[in-house]
Every structure is written in structure tokens, then in C-alpha cells.
**Q** 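Take a look at this one; I'll ask things after.
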2 protein chains.
Amino acid sequence: MKKIPLPVIYRLSYVFDLLNKLEEGGVERVSSTELGEYLGQTAHTIRKDIHFLGIAGTAGTKYDIVGLKKLIAGHLGFSTPKKSCIVGLGKLGSALLDYTMAIPQDIFRIVAGFDSNINRLETIETSIELFPAYRIEETVKRMQIELALITVPPQQAQEAADRCCSGGVAGLLNFTPTVVRPKNPGVFVRSVDITGEFRICAALAFTNRLTTE
Amino acid sequence: MKKIPLPVIYRLSYVFDLLNKLEEGGVERVSSTELGEYLGQTAHTIRKDIHFLGIAGTAGTKYDIVGLKKLIAGHLGFSTPKKSCIVGLGKLGSALLDYTMAIPQDIFRIVAGFDSNINRLETIETSIELFPAYRIEETVKRMQIELALITVPPQQAQEAADRCCSGGVAGLLNFTPTVVRPKNPGVFVRSVDITGEFRICAALAFTNRLTTE
């Protein structure tokens, strides 16, 4: 299959989400212009993205929502949920675990959690399996886990990532403020730094006031 | 005060975090090269950023950590925590509330929570004040809240943002997958789409396998 560029994957995964919502609202067909407006993109970009899936569209084409969803799901692998794990069950890890267990698990599903603190593992109430951190590699391999959410303290992030890579994950979602590098070249890393965002917002709120008052 | 460009604010807020960690580790002085290495930036960029604070440095300059922290805190307003609120106390909102209450509240502090579902407000256990959503504007004004975390369902995001803007917030941190536009031009918006990140990771895990196997 032809390799789809990263920005296209990014936009198509948002198109998929949008199609879900339109379908829930009873809409059956949608144009590239309408999709583009919602996503802040031009209709042309959206048509080019959809062209990667093998559908040629011209300005004014209305896509069938059910058909387009199926096509995107096939190309991006949304038909079967990806098995995922959370590494680090401190404050952020526990919050994310609660959150992910509460939303639809149709695209990814948390199946295991890890923490280096065994006492902590005993106090967490959850329906997923929990393991001490030294068992990451073996468990990821055995359960065929594809994605790992890294929510350990920053100084442990690289080691946690290395263990997940050794176990064979395809990707890491790094929630720590540290740069994490994949041990194997085929593994991707995406970073979401929530506390960093809070800090930047605080700085912007302050500097904004200075320049607008 | 001279306006500091957004990317500089961004990097300096990371430098601040890094200086905190170095200080905790007992380090007293640090060079632009060392700072740049940690942040994935050149030493030259870091020196230019610090120059915005009024310190001219040349290659090899070692900055005094305590002094540099104080300077950044002064320019970015990190000396007093920014009063913040969470709008939307569903799954993600509750998870973020628990998380933010558990970390140091030195840079921002959650002081109020809002939800349109009054029954839900009664079931949440927290030390902050909770209010129904129709009281956002009045409460933001009265408590002088500067930042709002938007964690409502996507279709309610713009209205929630509008109410916070009317109350006088300086900035919005949008955790919904929707584009939110500030009602007043002086208000900034930053977006963090956690579920979108999960979806993109699932897509990358799938397409990665296709191209690397």
C-alpha cells in the first residue's frame, strides 16, 4: 500500500471523527468545502487527502459519509482497536487511565498498566491488568501491545520508552515534558506536554495583559 | 515592557522548568549550550531568548540559575499563580481537575469549576468551588479568574469560551477537538486534543506496520 504522508494521516483522522459526528446527526453526504470549513483547511487540501484513499473528487463532489468512513478506517486501521498500555500510574497516569476507560474504546483500548511502585499497584482500582515496571518488555510482547502512553516522571521516561520498544510497540505517546527517542527506528513518538501547556498559558496570560492594557 | 515573541515565551517557559530541575539537583550555574541540548535548540537561540530579558551572553557564558529563574519569573509572571477554572466536569474535566489539584499550584491554581449539569456538580468531591454553567461570566469576573480550561463536549465549546471571555479571562486552554475562537481579540487560545492524539497514534501504529514490515 502507498505510504500516506504524516500531515495527510493527521487530517484524515480528524475527518474520520467529523464524519462520525455528522453521521450521528443524521447527515448522509458531505462536500470537501464543508469538511474543510470545519477543519480550517481548504476544500482543495481535503480533496487531495481523500485522493490518497483512491477517490478522485472535483469541486462540488459530495462524499457518501458511510463509504468514506469505511475507506478511511481501512487505510488508517480504525477497524480494530489498537491494544495499548499506560506506563506510570501516578497522578497524570491515573487521571488518563480513568479518562480512557470512560470513553469509547473503538480505536484504541488500554489493556495493561505498569508502575515501578508495587505498593501503588495494589491501591489502584481498575479492570485492566497491572504489572510492575520490570515486566514491561515481556508483557508488551505477550499481549501484543501496539501503543504505550508514557506518564512516568521525566527522568524515567527514556527507560520506560526503551522497555516498550524492546517489547515491540509501534508507537509511544509521551506525556512527560522530556524529549524521548525511540530505541528502534520504526517506532514513532508523539508528545503532549500538559503541564508545559499550563505554564505557557500562564505566561501568555501575563504578557498579554502587559501588551493589551 | 517590550513584547516578547510567542516562540520565545514558549522556550523560556521550558527553560524555567529546566532551571527548577537543575536547582533541585544542586546545580548553580548553566551554559546556553547545556540549556540548548536539553531543549533541542541551538545555544545561539537560547542566548537570543535570554537576551529578551536584558541579559547579553556570549558563547561560554554561564548563567546563575537563581538569578535567571527570578528574571524569567518576572517577565513571564510566574511569581504569582494565575487563577484558573475548569469548564466542563465530565470524564476529561474530572480527570484534569484531579491531576491539577495533585501537582504544585505555583504557576496556576484552579479555583472554580463549572458544569451545565447541576446533578453532576453535587456528586463531585473537591475542595474548589463549583457552579452551574450559567454563572460562568459573573463568577469569572468576581473571582478575577485569568485562565479557563475548556473540557465540555465539542458542540458546547464555543459557548463556554464566549462566557469565559465575557467574564474577562486572558486565555483559554481548549481540550475539545473543536476549533474555538476568542470573542475578544486580546484573548489567546491554545488547543490540546488528547483524544485526537490517541486517534493519530492508532493511525500511525497501523500505517507504520504497513510500511516497515
Side-chain angles (χ1 to χ4, degrees), chain A residues 1 3-4 6 9-10 12-14 16-17 21 38-40 75-78 81-82 84 90-92 94-96 98-100 102-103 107-108 146-147 154 169-173 177 179 185-188 190 192 194-212, chain B residues 1 3-4 6 9-10 12-14 16-17 21 38-40 75-78 81-82 84 90-92 94-96 98-100 102-103 107-108 146-147 154-155 169-173 177 179 186-188 190 192 194-212:
Chain A
M1 209 178 282
K3 195 177 158 94
I4 306 176
L6 184 58
I9 292 176
Y10 198 87
L12 284 176
S13 83
Y14 275 91
F16 185 82
D17 180 46
K21 283 171 196 150
Y38 186 92
L39 296 167
H75 277 79
L76 302 190
F78 290 162
K82 301 282 158 291
S84 311
K91 284 139 199 164
L92 182 59
S94 305
L96 283 172
D98 286 346
Y99 172 61
T100 53
I103 59 173
I107 286 183
F108 78 103
E146 296 188 76
L147 293 172
V169 297
L172 302 167
L173 188 45
V179 177
V187 176
F188 68 86
R190 285 189 70 87
V192 180
I194 294 181
T195 34
E197 286 296 333
F198 288 150
R199 206 166 40 237
I200 289 160
C201 280
L204 287 174
F206 181 75
T207 52
N208 240 14
R209 291 270 189 241
L210 286 183
T211 51
T212 55
Chain B
M1 209 178 282
K3 195 177 158 95
I4 306 177
L6 185 58
I9 292 177
Y10 197 89
L12 284 176
S13 82
Y14 275 91
F16 184 83
D17 180 47
K21 281 172 195 150
Y38 186 90
L39 296 167
H75 277 79
L76 301 191
F78 290 162
K82 302 282 157 291
S84 312
K91 283 139 198 162
L92 181 59
S94 304
L96 282 172
D98 286 346
Y99 172 61
T100 53
I103 60 174
I107 286 184
F108 79 102
E146 296 189 75
L147 293 172
Q155 62 277 18
V169 296
L172 301 167
L173 188 46
V179 176
V187 176
F188 68 84
R190 284 188 71 87
V192 181
I194 294 181
T195 32
E197 286 295 333
F198 288 149
R199 205 165 40 235
I200 289 160
C201 281
L204 288 174
F206 180 76
T207 52
N208 241 13
R209 291 272 191 240
L210 286 183
T211 51
T212 54

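Bear in mind the structure is a predicted one, so any value in this text is a computation, not a measurement. All values below come from the heavy atoms of this structure, side chains included, with hydrogens, waters and symmetry mates left out. Just so we're on the same page: letters track the sequence lines, and every chain starts at 1.
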**Q** Using non-hydrogen atoms only, which part of A:Leu6 is less than 4.5 Å away from chain B: side chain, backbone, both, or neither?
**A** side chain

**Q** Count the heavy-atom pairs under 4.5 Å between each of B:Gly77, B:Gly171, B:Pro81, B:Cys201 and chain A, then report the option with the highest count.
**A**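 Among the listed options, the one with the most contacts to chain A is B:Cys201.
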
**Q** For chain A, find which of B:Thr100, B:Leu173, B:Leu172 contributes the most heavy-atom pairs closer than 4.5 angstrom.
**A**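 Option with the greatest count: B:Leu173.
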
**Q** Quick check on the interface: out of A:Ile200, A:Val187, A:Leu147, who has the most heavy-atom pairs with chain B under 4.5 Å?
**A**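 The option with the most such pairs is A:Ile200.
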
**Q** Checking A:Ile107 against chain B: side chain, backbone, both or neither under 4.5 Å from a heavy atom?
**A**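 Both parts, backbone and side chain.
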
**Q** Checking heavy atoms, do the side chain of A:Phe108, its backbone, both or neither come under 4.5 Å from chain B?
**A**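 Contact with chain B involves the side chain of A:Phe108 alone.
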
**Q** So, do A:Phe198 and B:Ser84 sit near enough that their side-chain heavy atoms are less than 4.5 Å apart?
**A**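 SC-SC contact between A:Phe198 and B:Ser84 ruled out.
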
**Q** Among A:Ile194, A:Leu96, A:Asp98, find the one that has a side chain to side chain contact (heavy atoms under 4.5 Å, CB included) with B:Tyr99.
**A** A:Ile194

**Q** Quick check on B:Lys91 against chain A: is it the side chain, the backbone, both or neither that has a heavy atom closer than 4.5 Å?
**A**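 Its backbone and side chain both get close to chain A.
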
**Q** Identify which part of A:Pro154 has an atom lying under 4.5 Å from any heavy atom of chain B, answering side chain, backbone, both or neither.
**A** side chain

**Q** Relative to chain A, which segment of B:Leu92 carries a heavy atom at a distance below 4.5 Å: side chain, backbone, both, or neither?
**A** both

**Q** Rounded to the nearest 0.5 Å, how far apart are CD of B:Glu197 and OG of A:Ser13?
**A**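 If I round to the nearest 0.5 Å, the distance is 8.5 Å.
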
**Q** Mind checking what makes ring pair (Phe, Tyr, Trp, His ring centres under 6.0 Å) contact with B:Tyr38, not counting sequence neighbours?
**A**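 Not a single residue meets the ring pair (Phe, Tyr, Trp, His ring centres under 6.0 Å) criterion with B:Tyr38.
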
**Q** Where do A:Thr207 and B:His75 land on the side-chain contact (heavy atoms from CB on, under 4.5 Å) test, with the steps shown first?
**A** CA-CA 8 Å; A:Thr207 52; B:His75 277 79; over 6 Å; no

**Q** Of all the heavy-atom pairs spanning A:Ala202 and B:Phe78, show the shortest one and how long it is.
**A**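 Smallest heavy-atom distance, with atoms named: CB-CE2, 4.2 Å.
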
**Q** Is the shortest distance from a Lys or Arg side-chain nitrogen in A:Arg199 or B:Asp17 to a carboxylate oxygen in the other one below 4.0 Å?
**A**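 Yes.
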
